[in-house]
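Chain identifiers are assigned alphabetically (A, B, ...) following the order of the sequence lines, protein sequences preceding nucleic acid strands; residue numbering begins at 1 within each chain. Quick note: numbers below take in every heavy atom, side chains included, and nothing from hydrogens, waters or symmetry partners.
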Amino acid sequence: MNYNYNVIEKKWQDIWDAKNVFAATNDYTKPKFYALVEFPYPSGQGLHVGHPRSYTALDIVSRKRRLEGYNVLYPMGWDAFGLPTENFAIKNHIHPSIVTEQNVARFKAQLKSLGMSFDWNREINTTDPNYYKWTQWIFLQLFKKGLAYKKEMNVNWCTSCKCVLANEEVVGGVCERCGSEVVHKVKSQWMLKITEYAQRLIDDLDKVDYIDRVKTSQINWIGRSTGAEVDFTTTSGDTLTVYTTRPDTLFGATYMVISPEHPYIEKWADKITNMAAIKDYQTEASKKSDFERTELVKDKTGVQIEGVRGINPVNGKEIPIFISDYVLMTYGTGAIMAVPAHDTRDWEFAKKFGLPIIEVVKGGNVEEEAFTDCDTGIMVNSDFLNDLSVEDAKEKIKEWLEKEGKGHSKVNYKLRDWVFSRQRYWGEPIPIVYCEKCGYVALPESELPLTLPDVESYEPTESGESPLANMTDWVNTTCPRCGGPAKRETDTMPQWAGSSWYFLRYCDADNLDALAAKEALDYWMPVDWYNGGMEHTTLHLLYSRFWHKFLYDIGVVSTPEPYSKRTSHGMILGENGEKMSKSRGNVVNPDDIVNEYGADTMRLYEMFIGDFEKAAPWSSSSIKGCKRFLDRVWALQDKLIGGDAFRPELEIAMNKTIKKVTEDIESLKFNTAIAAMMALLNDIADTGSVNKAEYKALLIMLNPFAPHMTEEIWELQNFGGMLNETKWVTYDPDKCVEATVEIAVQLAGKIKARIQVPADAGKDEILAQAKADPAIAALIAGKTIIKEIVVPGKLVNLVVK
RNA sequence: GCGGAAGUGGCGGAAUGGCAGACGCGCCGGUCUGAGGAGCCGGUACUUCGGUGUGUGGGUUCAAGUCCCAUCUUCCGCACCA
């Protein structure tokens with residue numbers, strides 16, 4: 001009797017669907033478990049083998065939790081707004097919503113063919129007006145609280161997408177999505193004040209169980225630094241404020257640098273005597289793309305401002321001021337004090353421009369390189385700071401600055417506000433109108449959703465305006481406040497908008513009156529376990545924490561954090577160990593694997609491939625081992641005998657394996673859980689038969705991994721009901737250890753013999769038996785034992801002289 | 001440069017400081033076959049059979065893949081953040 005996976009897998013998928021067996025119930029009295037995986041962007045390429053790695057993992061956890069009696073919510077949906085769909089639509093003259101619909105249908109069929117136990121009743125789609133109504137609603141709340149604002153600013157502009165990008169979307173100076181050059185443009189953009197939440201986004205990481213690398217990345221990305229703002233007076237009479245993390249080195253400041261975009265350049269226009277040179281430099285700097293700027297990182301450039309000099313507040317010395325693009329207008333105050341002796345960049349700049357280098361922290365050779373160590377140095381050449389440690393000097397100078405009114409302590413973050421508008425069609429319209437009289441006015445909530453109008457062309461315009469700008473009928477409207485003529489905002493929201501709150505919608509997916517009912521949110525939230533890719537750590541994961549905290553502040557949700565636990569899977573690489581990509585020709589299509597081996601084998605293999613958290617290369621031969629294992633489990637049906645309890649010779653193996661599998665699933669060690677079941681199968685096979693109790697236990701353990709085949713065997717053997725409705729197996733902790741164990745006997749750490757002792761043998765008994773072993777006895781004869789170590793169940797180590 | 005992860009058989013990978021290489025792939029041999037690129041059974045780090053082996057060099061320990069110090073290499077993330 002062969003196992004025909006094509007037929008059997010389809011059969012069970014249909015039964016699960018028809019009986020709705022994986023639906024989460026609204027019985028709020030039951031213990032709940034909310035498992036979440038990142039909902040995919042339904043691209044034209046279909047599912048990637050990377051998707052099922054994450055989905056299968058939490059599918060296993062979810063299936064296990066259902067057997068353990070939890071009310072499990074394991075939902076799925078579509079993050080369907082986005083550029084590839086829009087570009088495809090432009091090229092093929094099809095409406096993006098039709099493209100989306102087709103892609104979603106394909107993805108859904110693929111996910112079903114893998115036997116994922118998603119609750120499809122709660123399927124969501126970010127492009128559904130009933131969904132994005134609430135995305136717009138959240139935006140309006142942000143706007144009302146002053147956390148969404150419009151600002152004329154220098155933005156990242158992708159030359160190919162013809163669209164602005166958030167800082168998080170610029171990778172290595174190029175567009176994260178298409179890899180094209182990113183240049184700077186000044187545009188008026190909607191911004192979200194994520195910076196207002198910077199400190200809480202750091203602090204509340206203490207409240208959640210995220211894997212460490214996620215926490216560290218977020219902390220580094222937010223980039224908190226502590227220091228001081230110091231006011232330098234200038235010969236122009238203006239005060240130039242700088243930010244520094246090393247106020248202790250103030251006596252070593254020998255010049256100042258301001259960013260090329262610094263407003264003082266205009267202010268000082270009549271005092272600067274070399275304005276032409278300054279203007280030239282500003283033009284050069286503004287022309288550089290991010291890519292060029294990072295390429296030229298090592299070569300410092302700049303121009304000294306002639307006509308205005310700074311005055312060091314600690315010693316009254318006049319020092320020159322430069323402009324240089326190594327100082328960024330977007331961080332701190334856009335101006336720095338330069339201490340070449342103790343900052344690498346300042347040192348390079350000073351060497352190039354022949355500026356004085358004054359040592360104020362002893363410990364290095366500042367003529368050779370900047371001495372930046374804060375732990376060992378001692379202050380010198382610094383008047384009242386002399387002989388202090390760097391730490392003490394920082395405190396003392398801050399006190400002095402406060403007292404003199406020349407500065408104060410200051411915390412800065414690298415995190416910037418989130419650029420929230422995109423000049424594209426296929427996104428959520430921003431529900432704001434602009435009125436000459438009233439300015440930016442929120443649309444009344446009763447007018448939501450503000451739906452996307454049909455346009456003739458989705459092409460972005462060269463001028464950088466959204467395709468919506470051409471829809472004059474739609475754009476021209478009346479002001480909700482004064483009733484006068486007004487224009488709608490034509491930019492749309494970025495793709496990250498819809499995914500910033502989607503986990504809330506699953507709690508109550510069809511609600512028309514709220515983003516979700518409060519009771520539903522209170523019951524299901526927070527998400528108990530969220531698994532997803534590391535690439536979203538500083539994008540989606542940070543953005544959604546920010547939105548959730550805002551919703552918490554306005555009373556929509558009751559938990560300050562959206563996710564209790566965050567784990568992350570490694571990438572599945574191509575067979576050659578490189579990242580899978582079309583251009584490398586190493587892409588594995590999940591459909592092909594399902595056709596050739598079946599979904600159960602595919603699932604099992606992806607979990608067996610290696611450490612779940614690490615990248616692992618695909619291997620088309622290794623997958624056969626998983627198929628073989630399932631075939632052998634199937635074939636056990638021919639060797640089935642009666643018996644309602646484990647046979648004595650398998651009792652230990654059974655209990656041990658149940659314990660191992662139960663524990664390993666919870667700690668993401670799917671590979672060793674499977675290895676344990678394989679070992680158990682080998683043990684069972686050695687006995688030449690399997691009894692009913694043993695078979696049932698094996699099937700239950702294996703069910704989350706290979707749900708179709710186990711369900712089929714369960715039915716064929718009349719084990720009663722559906723397997724997915726039984727209970728998870730339990731083990732007896734007393735029966736996880738063999739009656740006798742092998743003990744290694746070492747002499748000075750080298751193994752010389754092995755002995756068999758009863759598992760409950762005491763130290764003395766083990767020691768006596770070890771010494772009595774003929775090989776050991778011979779080796780220790782006539783020698784003095786100076787140390788005896790006995791580790792029960794493990795080994796004996798004797799040190800002799 | 002800064003931050004993170006990781007270096008273990010031919011390969012993917014296992015090992016609360018306590019028997020390195022579980023489990024699987026591959027390979028070798030056997031068996032069954034008319035046949036097998038199927039199934040089943042056995043073997044599989046190196047070795048001069050004393051031992052030696054977890055990138056390299058030190059250290060702590062009765063005992064180190066695991067802890068500490070140094071060093072090399074690889075991958076990933078950030079990158080002029082003052």
Which listed nucleotide ([options]) is nearest to the side chain of [X]?
| X | options | answer |
| --- | --- | --- |
| A/Asp325 | B/C80, B/G18, B/C23 | B/C80 |
| A/Tyr243 | B/C23, B/A82, B/C62 | B/A82 |
| A/Thr216 | B/A82, B/G4, B/A22 | B/G4 |
| A/Ala675 | B/G24, B/G13, B/A22 | B/A22 |
| A/Leu795 | B/A82, B/A14, B/G18 | B/G18 |
| A/Trp221 | B/C78, B/A22, B/C80 | B/C78 |
| A/Ile789 | B/G18, B/A82, B/G12 | B/G18 |
| A/Gln746 | B/A82, B/G4, B/G18 | B/G18 |

Provide, to the nearest angstrom, the distance between the [atom1] atom belonging to [X] and the [atom2] atom belonging to [N].
| X | N | atom1 | atom2 | result |
| --- | --- | --- | --- | --- |
| A/Lys300 | B/A82 | NZ | C1' | 11 Å |
| A/Asp664 | B/A15 | CG | P | 8 Å |
| A/Lys794 | B/A15 | NZ | P | 13 Å |
| A/Glu535 | B/C75 | CD | P | 19 Å |

Counting the atoms with a prime plus P, OP1 and OP2 as sugar-phosphate, which does [X] contact under 4.0 Å by heavy atoms, base, sugar-phosphate, or nothing?
| X | answer |
| --- | --- |
| A/Asn671 | sugar-phosphate |
| A/Asp611 | sugar-phosphate |
| A/Ser619 | nothing |
| A/Asn412 | nothing |
| A/Ala635 | nothing |
| A/Lys627 | nothing |
| A/Val791 | base |
| A/Ser621 | sugar-phosphate |
| A/Ile751 | sugar-phosphate |
| A/Ile609 | sugar-phosphate |
| A/Glu742 | base |

Nearest heavy-atom neighbours spanning A/Pro340 and A/Ile357 =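 The pair with the smallest heavy-atom distance is CB-CG1, 3.9 Å.
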Here the pair of heavy atoms bringing A/Ile60 nearest to A/Arg603 is CG1-NH2, 4.4 Å
Is there a donor-acceptor contact under 3.5 Å linking the side chains of A/Ser225 and A/Tyr331?
-> yes
Would you call [X] and [Y] a salt bridge, using N to O less than 4.0 angstrom?
| X | Y | result |
| --- | --- | --- |
| A/Glu369 | A/Lys351 | no |
| A/Lys300 | A/Glu348 | yes |
| A/Glu663 | A/Lys669 | no |

At less than 4.0 Å, is any side-chain N or O atom of [X] found next to OP1 or OP2 of [N]? Yes or no.
| X | N | value |
| --- | --- | --- |
| A/Ser225 | B/A82 | yes |
| A/Lys787 | B/C62 | yes |
| A/Asn220 | B/A79 | no |

Look for any protein N or O under 3.5 Å of an N or O in nucleotides 38-41 of chain B and output each such pair with its distance, or none.
{"residue": "B/G39", "atom": "OP1", "partner": "A/Arg628", "partner atom": "NE", "Å": "3.3"}

With rounding to whole Å, what would you report as the distance between B/U31 and B/A38 at their C1' atoms?
-> 14 Å
For atom P, what is the distance between B/C80 and B/G1, given to the nearest Å?
->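 Nearest-Å result for B/C80 against B/G1 at atom P: 15 Å.
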Chi angles and distances behind the salt bridge (charged side-chain N to carboxylate O under 4.0 Å, His left out) call for A/Glu606, A/Arg53 = CA-CA 6 Å; A/Glu606 289 216 357; A/Arg53 194 176 194 191; 5.9 Å; no
Tell me if a side-chain donor or acceptor on [X] pairs with a main-chain N or O of [Y] at a distance below 3.5 Å.
| X | Y | value |
| --- | --- | --- |
| A/Thr249 | A/Arg246 | yes |
| A/Asp417 | A/Ile194 | yes |
| A/Tyr264 | A/Thr239 | yes |

4.5 Å side-chain heavy-atom contact, A/Val411 and A/Arg224 = yes
Could you say whether A/Arg246 or A/Lys660 is positioned toward the 5' end of RNA chain B, judged by the nucleotide with the nearest heavy atom to each?
->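 Per heavy-atom nearest nucleotide, the more 5' residue is A/Lys660.
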RNA chain B: A/Val799 or A/Asn682, which has the more 5' nearest nucleotide?
->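 With A/Val799 and A/Asn682 compared, the 5'-side residue is A/Asn682.
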A correct 5'-to-3' footprint of nucleotides 44-55 of chain B, with B, S and - meaning base, sugar-phosphate only and no protein heavy atom under 4.0 Å, is -------S----
Using the glycosidic torsion, which applies to B/G9: syn (within 90° of 0) or anti (everything else)?
->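 Glycosidic conformation of B/G9: syn.
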How would you label the glycosidic angle of B/G50: syn (within 90° of 0) or anti?
->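 Syn for B/G50; the angle stays within 90° of 0.
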Residues forming a salt bridge (charged side-chain N to carboxylate O under 4.0 Å, His left out) with A/Glu284, sequence neighbours excluded = A/Lys287
